[in-house]
Amino acid sequence: MTETTAPAISAGDGPLKMTTRNVDVFYGEKQAINGVSIDVTMDNVTAFIGPSGCGKSTFLRCLNRMNDTIPIAKVTGEITLEGEDIYAPKMDVVQLRARVGMVFQKPNPFPKSIYDNIAYGPRIHGLANSKDELDNIVETSLQRAGLWGEVQDRLQDSGTALSGGQQQRLCIARAIAVDPEVILMDEPCSALDPIATAKIEELIHELRGKYAIVIVTHNMQQAARVSQRTAFFHLGTLVEYGVTSDIFTNPTEEKTRDYITGRYG
Amino acid sequence: MTETTAPAISAGDGPLKMTTRNVDVFYGEKQAINGVSIDVTMDNVTAFIGPSGCGKSTFLRCLNRMNDTIPIAKVTGEITLEGEDIYAPKMDVVQLRARVGMVFQKPNPFPKSIYDNIAYGPRIHGLANSKDELDNIVETSLQRAGLWGEVQDRLQDSGTALSGGQQQRLCIARAIAVDPEVILMDEPCSALDPIATAKIEELIHELRGKYAIVIVTHNMQQAARVSQRTAFFHLGTLVEYGVTSDIFTNPTEEKTRDYITGRYG
Amino acid sequence: MTGSILFLLIIILGGISWFFGRVKARRFVTGSAARGAVHSLPNYHGWYVALWAVGPALLFLMIWNIASPALVTDAALASPAAEQLPQDPFARGSILAEARSIASDQQVKAFNPLSQTMVEPYKTAISYYQTLGAIAALLLVFAGGAYSWLRLKPELRARTKIERITMMALLLASLIATITTIGIFASLIFESARFFSMVSPIDFLFGTEWNPKAVAGPRGETGFGAIPLFWGTVFIGAIIAMIVAIPLGLMSAIYLTQYAPLNFRAWMKPILEVLAGVPTVVYGYFAALTVAPALRDFAVSIGISGASSESALAAGVVMGIMIIPFVSSMADDSIAAVPSAMRDGSLAMGATKSETIKKVLIPAALPGVVGGVLLAVSRAIGETMIVVMAAGLAANMTANPFSSVTTVTTQIVQLLTGDQEFDSPKTLAAFALGLVLFIVTLLLNLIALRVVKKYREAYE
Amino acid sequence: MNSAATFIDERNPTDWQSDQMQKRIRKRYAAERRFKALGLGAIILSASFLAFLLVVMVGNGLRGFTQTELPVAIDFPAMTGGASASQFEGTNAEANLRTLGVQDIVNTSIEIQYGELGGELFSAGGWQAVSAAILDNPDIIETETTLYLPVESEIDVAYKGSGSASAEQKITELKDQFSTGFNWNFLSNSDATDPMQVGIWGALKGSLITMFITLMIAFPIGVLSALYLEEYAPKNRFTDLIEVSINNLAAVPSIIFGLLGLAVFLNLFGLPRSAALVGGLTLALMTMPVIVISGRNAVKAVPPSIREAAFGIGASQMQVVFHHVLPLALPGILTGTIIGMARALGETAPLLMIGMRAFIATPPSGIVEPATVLPVQIFLWSDEVNRGFVEKTSAAIIVLLLFLLTMNALAIYLRNRFETRW
Amino acid sequence: SGGQGGTRSEVRIVGSSTVFPFAKAVAEQFSASGANTSPILESTGTGGGMKLFCAGVGANTPDIVNASRRMKGTEFEMCKENGVTDVVEIQVGIDGIAVAQANEGPAIKLTPTQIYEAIAERPFGKKNETKNWSDIDSSLPDIAISVYGPPSTSGTRDALTELIMEVGCKTDAATKALKETDEDEYDAICHDVRADGAYIDAGENDNLIVQKLKANPNSLGIFGYSFLEENTDSVRGVSVSDVQPEYDAIASGEYPGARPLYIYAKKQHVGVIPGLQEYLTEFVNAGGADGYLVKAGLIASPDDVRTQMTETVKNLPVLTGTELK
Ligand SMILES: Nc1ncnc2c1ncn2[C@@H]1O[C@H](COP(=O)(O)OP(=O)(O)OP(=O)(O)O)[C@@H](O)[C@H]1O
Ligand SMILES: Nc1ncnc2c1ncn2[C@@H]1O[C@H](COP(=O)(O)OP(=O)(O)OP(=O)(O)O)[C@@H](O)[C@H]1O
Ligand SMILES: [Mg+2]
Ligand SMILES: [Mg+2]
């Protein structure tokens, strides 16, 4: 866990939000992540790319300790949020997950009304003191996620009745509603059609700067479009991490080049 | 079913093996393939590309009537193998499938020994009259599939104990063992790592000319590497079909270009 | 030649014809050259011939076996020895049967001396008809075998034919279930119809007094008011048992699927399943001998007077225990069927596990759980032995769990094994009760399955 | 964090460290712990019910495997007038024994040793143990031998636990002479009036024969139907009908199958009452849907990729089913079959309706012979007036449970072993 | 076996659960020597047994039916209709309906009329309002009426209504007269048992009944005499009309709740089914005062009846139907 493994973050990247140092993840005997160190900053969208099974999702889920839900998963190394070690015993997972929100590959709205979907987080965390306040949170979250216009008249409809793209935006709104600092997205567009994908990408652009955003994608073009920093994973190791445009035009590693030019994956 | 819908096959493509004219496929009410006409020739590897759900697999499975196994699937139009209509009532599906072999996306060896995996086809079709002959078929098939060296000492081991790439080659060997005329491959490498992928691609190169080969792939680079003819599907229709290098460097259709440059999919 | 030897012979001949069929088919072109020219493998040709040889012969033998005994008896009776036989049909039949079994070596000593005289005629007749049958069967074997063997040719679609026969066999097997269902319905409906011709269905279904009398009372009351039985059934099976089973089953399922370490789950799940594997007669004995007295003592100690040792509570509680694994496995399935994305979604919002379970998983799994509970209820109200042994016979309409009530199934057993007059509406009432039980459990199941299915579809 | 300022200004930042928030979180965690404890409690409660049941049954039942005995000295040479050991060897042994009049010999010996009332001390069928002893070792017939014979049931109960006053008194009188032996009769005899002489062999044999018939009918029909429905059946009304009837049969209360057996097998077909054949048929109809349903699940669990692979090289439907699907589904089908059979083995109610609730003192020797089965035997014994039957009932329950637990364990083993094949 | 023409090597018996234990003992003794095949004995209840018995003649119908009451005329008719014309009736012994209470219970003596008034639905035609025994007669203790008795499906219940309730009911002249004018009403008044909880249906032969009485010393139980005898260390008999339910009193007919037990055999099966007649003989012999059935709780029939029965099993006279009502 020496600083030497820390990736270089160039000036102008904005304040550091999360850091990871020498993170290893094991599923039982099997090592899925091997000594990964990455910094997540406030102003940039960070993209994780790499072939299937290389550990992108695994690593992403370390950042809000969602891996805790897999009994055989074991995480070592240091991960901090605003300097606090999130794997420290005194860290409260419930709070952590409220601060580091997550959006999943397949839209997963709860089978409740749109309103209740958004209100779920604020309610369990007690973020609203009154009905009005709650209404307010729901409205602003939906607005941020660019969904308000489409659903304001049918807040009581089931969240599952929306189209795929709308559902995914609902999930983003739901994550926003608990006022997180970081938003993690695991292939948020892979289940969506091109038009819905474009909407989400636009949304990411808008959210950038307000939240630290990390996105996993298997679509390199998407990474190039939405992110400013890209990390390329291969077989559980971080092969290359840097400014997105550099990675795509001038990768330093042979493997990265092979991947980007489609020699495998 | 007029000849006008037939795709142009340039001279020097070698003998025609299969032709399809105006093929429509329905799953219940839903149309999955819409008027597709393609010719498969002996000397070329034909690749089908297109975004997920565009009907590549569906169309491929029409070529050996594997769609018969899906009760709701209905195929219309004309498909011939060496001039015989394969959907004619007198066509025996069992024989057809022996002549048009298939390799699937996920390697699917039978949970039997390697030997039995290969020998199964020859046995049910009565291709060998003696144990020696059968041994011989097994050996040549494994050799053709480039697997003999790796498994000759453990033919009695279970086929499922092999690595993914070996399994896939085993499946190819199994298909070869019944001495087919055409081999259909549905994303044969998508479950494999780069090295295994490279081996299969090499194998396809070697098999070319001995069998008519059709391959579905979602990896455009792969299509470019292994095929001589490429068909691009979109929402169940055949958008473009032609010489592979033309399609990738100079597509005539806007949609093809968009897809190849990664604007969606 | 006895039946089994003949049977064996036919099977052997079948094997031989299989072989000949195969040999002939092998002489068609084989190997890879055969492709296209020969439709089926030699094996299938063999089977084709074998089936032709064996099938008709066995069918004939079956019919022969049913028909020939009568012929044999006729022949035996034609003999002079038959003249001394008694006229009484039963005694006569019995002597004949005895003679027959001696003649066919199934019995050594005759109980009735007359039988001995009939043995010889029987022996003659039996061997005559047996030989006749055997010759006919063997002829059929040869005819069938030869016919099919001659028909073998390369284009013969032997495999297709064999496959069609196989499929018919499979179809027949699956028809048995339908026939059974019809059988159940028919056997209940006929007797019930007779019952309802004596007792009005209205009185039966809505009467509140269960006190079956052979003769209708002065005001035409028959005492066949089944409401107290229905109430007892519902009280024990759907109320008390469920009060025990639902919380325990549901919470067990939740703990096992959501909290338990893998090891604990691996051990505990089968242990809970054993609860469902214990025979109901054991539960009944346990309820009657251990639980019921304990509950009654408890009731007395807290000052409930009139507590019966055959209490609804004892039967209900034990039944509830029996149903626990049922509820828990249904709940387990339903919770597992909720996509894990749902759970992850909630956890990722910072919800605790219990919040996730209570607010997301259970509501999402609710239709499945409800379906499961309905199935459990239908199982509980159809349960017999526990209530027969522990619930008592008093047709009380009471909500006091410490008193004795009776159930539909208990009364069916009582009515069919009690000391009542035969053919009275009392016996028939058992079938009417059975019919009601059948219909109710059927409806419950249909509803439950529909609910569960609909809900599964929602996630697929 | 300045960059986020714009956003934070828009909304009240959540102060996670505030007292109010911390208190709320503590409360949520407490609720979490309570909920978890509740779940654990539910499981422990359920499991302890099972443990309690087993402990009670074993506690009551183990005594049923032993019997209290008193010594009886029998002077064979004097009483038989010098019978020789050779008479009781070989084929004629049993016939000779019958003419010997063992019962009288024993009764006289008892009277000599224990006086007039001695007869009331011993189980009436105790002399059969002497017969068995002679057959076992004919030499004793030429000597004076002391044999231990089972005592009368009331005394047995009293000696093992608490009995009636009169029995207790006899026990204090003869205190030192009692001994306890393993009750072999219990494993080899059939039903009887005297609890000291009852055994489970007859019922067990009846159960085995019945189960055999059930298996022979339900298994093939169940498997074939499962294959038909999963692999062949077209989607139409007719198939729906079959499916609906199978699902319904699986849920029909077992007693209804008894009514069916009564109406169809006995009354319509005229099959013999109380026969294992009818019991087996009735239980087969009950077990078949269980096998079909589990069989279908097992068949469904065979990955489609295997079918596709086989179809892909030109296997026909039948070849796919019998070469690939069936072998792979077999462990699952077997698991379901064992569970179904275990259920049938423990079933009582339908058998009461078809006359298997009978007193049958000889084990059945064929499928049309009158027979009873273990659970029905348990039910019959549980209804006995004589208190000696309490421990016998529990002992029979132990035997039944042993069988069932073994079957269940086998099913679980099979399931775990073959669960993750693909 | 099976079918009219079949045969069978063992005797088949069905019928009453009251006679069942005795029949069992006889069956066991009958086959103990090894000379006879053990009979198959099924407890189907008297009515169920009659139905099977009267279904016809042949190997697939039982040879004997045990009955805790006499065969009814209708049953005999049914038998005749199905070809069972030659039925032999044998009285094998007597069973007593015993009224009992826990040893700890308050001493109580009753008459049939008092019992009738306590458990009838409409004693003498009026709704039963009694709560305590003292409501019936001030000499009786002031405790709640609570009687555990046989359920309506059982033969013991028939005996209870006929032997005790009807006797009590007839003491009222007006009610007795009703028998001639309105027999249905008479039956209802005399036979219907109250259903308001004072009378509690309980299984026969059930060990639990003893526990119930022990736990509720104020309750009474009504069950077979053999059951009382078996449990003398916890329950004792209640005297009816000053007669204790004891062996001699029941045997002599002095005790009101005594009923004969019968078995019926098909004469047509004698000589065809091996061992049938021997079994009947064994049963009659075993029912003597010193026979093993008495040990098992049966009460021997009076001597004259026994002599007659010994004759009966020899000659097998058949019923004509006129002796049955
Ligand atoms: N729950 C789990 N248990 C065991 N191994 C797992 C688990 N989840 C993932 N893995 C393994 O860890 C490795 C990394 O998986 P991960 O899902 O992180 O890959 P990924 O890069 O997200 O792939 P994809 O692009 O397919 O989503 C893989 O080899 C995978 O098989
Ligand atoms: N068995 C089926 N039943 C109903 N619809 C189906 C079935 N199989 C495929 N489809 C539908 O048919 C369309 C074409 O599917 P197909 O599998 O051929 O696509 P594909 O091009 O192979 O996609 P992918 O790249 O994801 O494999 C899709 O819309 C799909 O949902
Ligand atoms: Mg992933
Ligand atoms: Mg596909």
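Computed from a prediction, not measured in an experiment: that's the story for all the values here. Each chain gets a letter, A, B and so on, in the order its sequence line appears, and its residues count up from 1.
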Asks: Most heavy-atom pairs under 4.5 angstrom with chain C, which of D:I378, D:L249, D:L404?
Replies: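 It is D:L249.
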
Asks: Mind checking whether C:T181 and D:V252 have side chains closer than 4.5 Å, heavy atoms only?
Replies: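 A side-chain contact is absent here, since even the closest heavy-atom pair is not under 4.5 Å.
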
Asks: Any side-chain heavy-atom pair from D:I412 and C:K269 closer than 4.5 angstrom?
Replies: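 Contact flag for D:I412/C:K269 side chains = no.
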
Asks: Taking the side chain as every heavy atom from C-beta outward, state whether C:V282 and D:P375 have any atom pair closer than 4.5 Å.
Replies: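 Of all side-chain heavy-atom pairs linking D:P375 with C:V282, none is under 4.5 Å.
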
Asks: Who among C:V318, C:L437, C:T280, C:L435 has the most heavy-atom pairs with chain D under 4.5 Å?
Replies: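 When all of C:V318, C:L437, C:T280, C:L435 are compared, C:L437 has the most.
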
Asks: Yes or no on side chain to side chain contact (heavy atoms under 4.5 Å, CB included) for C:L275 and D:L53, after CA distance, side-chain angles and deciding distance?
Replies: CA-CA 10 Å; C:L275 276 177; D:L53 180 125; over 6 Å; no

Asks: Side chains of C:L446 and D:N247: does their closest heavy-atom pair fall under 4.5 Å?
Replies: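 In short, these two side chains do not touch, never coming nearer than 4.5 Å.
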
Asks: Identify which part of C:E273 has an atom lying under 4.5 Å from any heavy atom of chain D, answering side chain, backbone, both or neither.
Replies: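 C:E273 touches chain D through side-chain heavy atoms alone.
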
Asks: So, taking the atom named CG in D:N248 and the one named CG in C:L442, what distance separates them when rounded to the nearest 0.5 Å?
Replies: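 With rounding to 0.5 Å, CG (D:N248) is 4.0 Å from CG (C:L442).
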
Asks: C:Y259 versus chain D, heavy atoms under 4.5 Å apart: side chain, backbone, both or neither?
Replies: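 For C:Y259, the side chain is the part near chain D, not the backbone.
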
Asks: Do C:Y255 and D:I44 have side chains that get closer than 4.5 Å, going by heavy atoms?
Replies: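 SC-SC contact between C:Y255 and D:I44 ruled out.
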
Asks: Among the options D:G258, D:S316, D:P220, pick out the one with the most heavy-atom pairs lying under 4.5 Å from chain C.
Replies: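 Heavy-atom pair counts peak at D:S316.
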
Asks: Do D:N60 and C:L289 come close enough that some side-chain heavy atom pair is under 4.5 Å?
Replies: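 Yes, at least one pair of side-chain atoms sits under 4.5 Å.
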
Asks: Return the option, out of C:L250, C:I184, C:T409, C:V274, with the maximum number of heavy-atom pairs under 4.5 Å with chain D.
Replies: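 Answer, by heavy-atom pair count under 4.5 Å with chain D: C:I184.
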
Asks: Just how far is it from atom CE of D:M57 to atom OG1 of C:T290, taken to the nearest 0.5 Å?
Replies: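 OG1 of C:T290 is found 5.5 Å from CE of D:M57.
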
Asks: Could you tell me which of C:P247, C:S252, C:G183, C:S187 has the largest number of non-hydrogen atom pairs under 4.5 Å with chain D?
Replies: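 Among the listed options, the one with the most contacts to chain D is C:S252.
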
Asks: What part of C:I321 lies closer than 4.5 angstrom to a heavy atom of chain D: side chain, backbone, both or neither?
Replies: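 Answer is side chain: those atoms of C:I321 sit under 4.5 Å from chain D.
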
Asks: Distance check, rounded to the nearest 0.5 Å: D:L40 atom CG versus C:I254 atom CD1?
Replies: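 D:L40 atom CG to C:I254 atom CD1 measures 13.5 Å (nearest 0.5 Å).
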
Asks: Quick one: which of C:L175, C:T441, C:T180 has the most heavy-atom pairs under 4.5 Å with chain D, could you say?
Replies: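 Winner by heavy-atom pair count: C:T180.
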
Asks: What residue, out of D:P289, D:S225, D:G261, has the most heavy-atom pairs lying under 4.5 Å from chain C?
Replies: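 Looking at each option in turn, the highest pair count goes to D:S225.
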
Asks: Chain D heavy atoms under 4.5 Å from C:T352: which part of the residue, side chain, backbone, both or neither?
Replies: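 Answer is both: backbone and side chain atoms of C:T352 are under 4.5 Å from chain D.
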
Asks: Is C:L171 in contact with chain D via its backbone, its side chain, both, or neither, using a 4.5 Å heavy-atom distance?
Replies: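 When you check distances to chain D, atoms from both the backbone and side chain of C:L171 fall under 4.5 Å.
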
Asks: Could you give the distance from CE (C:M167) to CE (D:M318), rounded to the nearest 0.5 Å?
Replies: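 If I round to the nearest 0.5 Å, the distance is 12.5 Å.
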
Asks: Please report the interatomic distance CZ(D:F49) to CE(C:M322), rounded to the nearest 0.5 Å.
Replies: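 Here the interatomic distance stands at 14.0 Å.
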
Asks: Could you tell me if the side chain of C:F264 sits less than 4.5 Å from the side chain of D:I43, heavy atoms only?
Replies: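 In short, these two side chains touch, coming nearer than 4.5 Å.
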
Asks: What's the separation between atom CZ in D:F35 and atom CD in C:E355, rounded to the nearest 0.5 Å?
Replies: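 Reported value, rounded in 0.5 Å steps: 11.0 Å.
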
Asks: With chain D as the partner, which of C:L375, C:N445, C:I381 has the greatest number of non-hydrogen pairs under 4.5 Å?
Replies: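 With the most close heavy-atom pairs to chain D, the winner is C:N445.
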
Asks: Against chain D, label C:A266 side chain, backbone, both or neither, depending on which of its atoms sit under 4.5 Å from a heavy atom there.
Replies: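 Contact with chain D is absent: no heavy atom of C:A266 under 4.5 Å.
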
Asks: Which residue, C:V388, C:T384, C:V408, forms the side-chain contact (heavy atoms from CB on, under 4.5 Å) with D:I255?
Replies: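 With D:I255 as partner, side-chain contact (heavy atoms from CB on, under 4.5 Å) holds for just one option, C:T384.
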
Asks: Let's test your reading of the structure: which of D:L259, D:N408, D:V244, D:I246 forms the most heavy-atom pairs below 4.5 Å with chain C?
Replies: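 Of the candidates given, the most pairs with chain C belong to D:L259.
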
Asks: Identify which part of C:L188 has an atom lying under 4.5 Å from any heavy atom of chain D, answering side chain, backbone, both or neither.
Replies: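 Side chain only.
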
